[in-house]
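Sequence lines set the chain letters: A, B, ... in the order given, protein chains first and strands last, and positions in each chain run from 1. Every heavy atom of this structure was used, including side-chain atoms; hydrogens, water molecules and symmetry mates were not. As the structure is a prediction and not an experimental result, all values here were calculated from the model.
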Protein chains: 2
Amino acid sequence: MVRRAIEVKVESTLDNCCPVTTQMMSEDEAREVALIFDALSDPVRLRIFSIIAAQKDTCSCHLEAPVDKSQPTVSHHTRILARAGLITGEKRGRWTYWQVVPGRLDLVANLLRSEAPRAKR
Amino acid sequence: MVRRAIEVKVESTLDNCCPVTTQMMSEDEAREVALIFDALSDPVRLRIFSIIAAQKDTCSCHLEAPVDKSQPTVSHHTRILARAGLITGEKRGRWTYWQVVPGRLDLVANLLRSEAPRAKR
DNA sequence: CATACTGATTGACGAATATCAATGTTAGGG
DNA sequence: CCCTAACATTGATATTCGTCAATCAGTATG
């Protein structure tokens with residue numbers, strides 16, 4: 001039984017940047033934040049994410065039926081969610097299991113907060 | 001000096017729906033939430049929003065230069081942000097002033113929270 | 001009114017995206 | 001080994017999206 005983590009490059013400089021409501025975002029910052037929102041901007045992707053988030057471990061093969069999409073389509077969407085750092089995949093045997101990346105969603109939520117009580121690190 | 005509010009239809013059933021992390025989203029719910037994230041999924045739109053959010057009142061004519069886009073493009077983006085219920089426009093004389101819709105962003109942030117301590121109403 | 005100005009709308013165009021059939025790849029199971 | 005199952009990748013297609021030039025609609029000012 002081989003376990004191989006799926007690499008996700010999260011070049012996040014998001015941990016120490018301001019909420020979107022205090023001052024104008026830089027071009028770079030906007031690009032990075034937009035990538036995350038973009039991952040959540042598709043209904044099918046949102047539903048896939050909510051399935052993964054509602055469980056500990058979700059096999060890819062259990063995603064196709066609920067959203068009624070083909071296997072390549074589901075694979076496409078999980079890739080985008082992973083690229084945004086929202087989920088991580090782990091290959092166990094023939095199956096790939098997905099989990100949400102803890103804290104990533106809260107980080108996004110904090111970006112949206114009106115006041116700025118962000119926990120440092 | 002005529003004051004005319006710009007109508008924004010916010011057919012939100014979002015106030016009493018679960019975070020995206022507790023159970024699978026319905027198709028309808030996903031469609032509505034995706035609309036909001038979609039509004040925030042473009043770098044230019046994010047920067048426009050951050051400018052508006054950082055001030056009380058922002059004239060449309062003060063948006064073009066910072067993001068370096070044409071007037072129709074800026075108008076296009078403000079329309080999408082308004083459609084998502086994130087900003088409201090008010091026409092005063094020749095100028096249109098934009099403000100963030102208070103609470104709307106927090107509502108979105110709450111959708112992303114892992115736990116679900118949502119203030120009722 | 002005539003002119004200038006703000007900004008919304010329309011039309012066009014290139015780029016990006018969602019989708020799936022077909023194919024490739026890797027991992028068991030016989 | 002060969003076959004099958006799970007998933008990724010590729011290629012193709014239809015649709016959506018971001019952008020701007022051109023135009024239109026409303027408003028102030030002389």
Need one value for [X]: base, sugar-phosphate or nothing, where a base atom within 4.0 Å counts as base even if backbone is also close, heavy atoms only.
X      : answer
H76(A) : base
T73(B) : base
V44(A) : sugar-phosphate

Taking atom [atom2] of [N] as reference, at what distance in whole Å does atom [atom1] of [X] sit?
X      : N       : atom1 : atom2 : result
I48(B) : dG7(C)  : CD1   : P     : 13 Å
R31(A) : dA16(C) : CZ    : P     : 13 Å
K91(B) : dC5(C)  : NZ    : P     : 16 Å
H77(B) : dA8(C)  : NE2   : C1'   : 15 Å
W95(B) : dA25(D) : CH2   : C1'   : 17 Å
D38(A) : dT16(D) : CG    : P     : 16 Å
D42(A) : dA16(C) : CG    : P     : 18 Å
R83(B) : dA8(C)  : CZ    : P     : 14 Å

query: On DNA chain C, nearest-nucleotide positions of R94(A) versus K69(A): which is more 5'?
result: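 Looking at the nearest nucleotide for each, K69(A) comes out on the 5' side.
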
task: Identify, between D68(B) and E64(A), the residue whose nearest nucleotide on DNA chain D lies closer to the 5' end.
output: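 On the 5' side of the pair lies E64(A).
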
- prompt: Roughly how far, to the nearest 0.5 Å, is NE2 of H62(A) from CH2 of W95(A)?
  reply: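 Those atoms lie 9.5 Å apart.
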
query: How long is the span from the OG1 atom in T73(A) to the CG atom in L63(A), to the nearest 0.5 Å?
result: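 Rounded to the nearest 0.5 Å, the OG1-CG separation comes out at 12.5 Å.
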
task: Verify side-chain contact (heavy atoms from CB on, under 4.5 Å) between I36(B) and L111(B), making sure each step is shown before the conclusion.
output: CA-CA 11 Å; I36(B) 301 180; L111(B) 284 176; 5.5 Å; no

Phosphate OP1/OP2 of [N] contacted by [X] side-chain N/O (<4.0 Å):
X      : N       : value
R45(A) : dA18(C) : yes
S60(B) : dT6(C)  : no
T96(B) : dA8(C)  : yes
R92(B) : dT6(C)  : no

Side-chain heavy atoms of E29(A) within contact of L46(B), under 4.5 Å: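 In short, these two side chains do not touch, never coming nearer than 4.5 Å.
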
task: Classify the side chain of Q71(A) and the base of dA6(D) as holding, or not holding, a donor-acceptor pair under 3.5 Å.
output: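 Side chain to base: no pair present.
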
field: Among dG18(D), dC20(D), dA21(C), the nucleotide that comes nearest once only the side chain of P72(B) is considered
entry: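 The listed nucleotide nearest to P72(B)'s side chain is dC20(D).
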
- request: Evaluate the side-chain contact (heavy atoms from CB on, under 4.5 Å) criterion for residues L86(A) and L105(A): first the C-alpha distance (whole Å), next the side-chain angles of each, then the deciding distance (0.1 Å), finally the verdict.
  value: CA-CA 7 Å; L86(A) 291 164; L105(A) 214 55; 3.8 Å; yes

